[in-house]
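What follows is a single structure, written as C-alpha cells, with notes after it.
Please read all numbers here as calculations on a predicted model, not as lab measurements.
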Amino acid sequence: MIVTVNEHSVEIDAHTTVAALLESLGYPDRGVAVAVGSSVLPRSDWGTTLFDGARLEVVTAVQGG
C-alpha cells in the first residue's frame, strides 16, 4: 500500500498502524501531532490501521529560543 506522509509517498504493509509508521520513519515518542486527511488524530487513536491512499501530515514540536 502507498500512503502520503508530509507530501512524500511511503510504501507500507497492509496492517500498518499510525504508531508503527511513525516509529519506522524515526519520529520521536513525544512532541508529535498527526492529522489523517483533514482531521487531527488523537494519540489514543494511533493504533488505527492505515488504508491505501491515506494522507498524513506529521508535525513535531521544536524548542527555540
Side-chain angles (χ1 to χ4, degrees):
M1 294 189 330
I2 303 292
V3 298
T4 303
V5 180
N6 295 348
E7 303 300 323
H8 299 306
S9 295
V10 177
E11 188 170 351
I12 62 171
D13 293 328
H15 299 288
T16 301
T17 64
V18 173
L21 175 63
L22 294 176
E23 182 179 336
S24 73
L25 295 175
Y27 283 97
D29 292 336
R30 302 188 56 80
V32 177
V34 178
V36 178
S38 60
S39 299
V40 174
L41 190 66
R43 184 176 290 270
S44 60
D45 291 339
W46 285 11
T48 301
T49 302
L50 292 166
F51 54 91
D52 191 38
R55 299 185 64 80
L56 291 85
E57 291 294 326
V58 182
V59 294
T60 57
V62 178
Q63 186 174 4

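- Val40 is not connected to Leu50 by any chain of hydrophobic side-chain contacts under 4.5 Å among Ile, Leu, Val, Met, Phe, Trp and Tyr, and they are in different clusters.
- No more than 12 heavy-atom neighbours from other residues, nucleotides or ligands sit within 6.0 angstrom of CG on Asp29.
- The NE2 atom of His15 sits 7.5 Å away from the OG1 atom of Thr49 when rounded to the nearest 0.5 Å.
- Annotation: side chain to side chain donor-acceptor pair (under 3.5 Å) contacts of Asp45 (sequence neighbours excluded): none.
- Checking Val18, Leu21, Val36 one by one against Val3, the side-chain contact (heavy atoms from CB on, under 4.5 Å) holds for a single residue, Leu21.
- We find the CD-CG distance between Glu57 and Leu41 to be 13.5 Å, quoted to the nearest 0.5 Å.
- A donor-acceptor pair under 3.5 Å links the side-chain atoms of Asn6 to the main chain of Val58, judged by distance alone.
- Residues meeting the side chain to side chain donor-acceptor pair (under 3.5 Å) test with Arg55, sequence neighbours left out: Glu7.
- Closest non-hydrogen pair, Thr17 versus Gly47, comes out as CG2-O, 3.3 Å.
- The hydrophobic cluster containing Leu56 does not contain Val59, counting ILVMFWY residues as joined when their side-chain heavy atoms lie under 4.5 angstrom apart, directly or transitively.
- Scored by the side chain to side chain contact (heavy atoms under 4.5 Å, CB included) test, Glu11 finds Ile2 as partners (sequence neighbours excluded).
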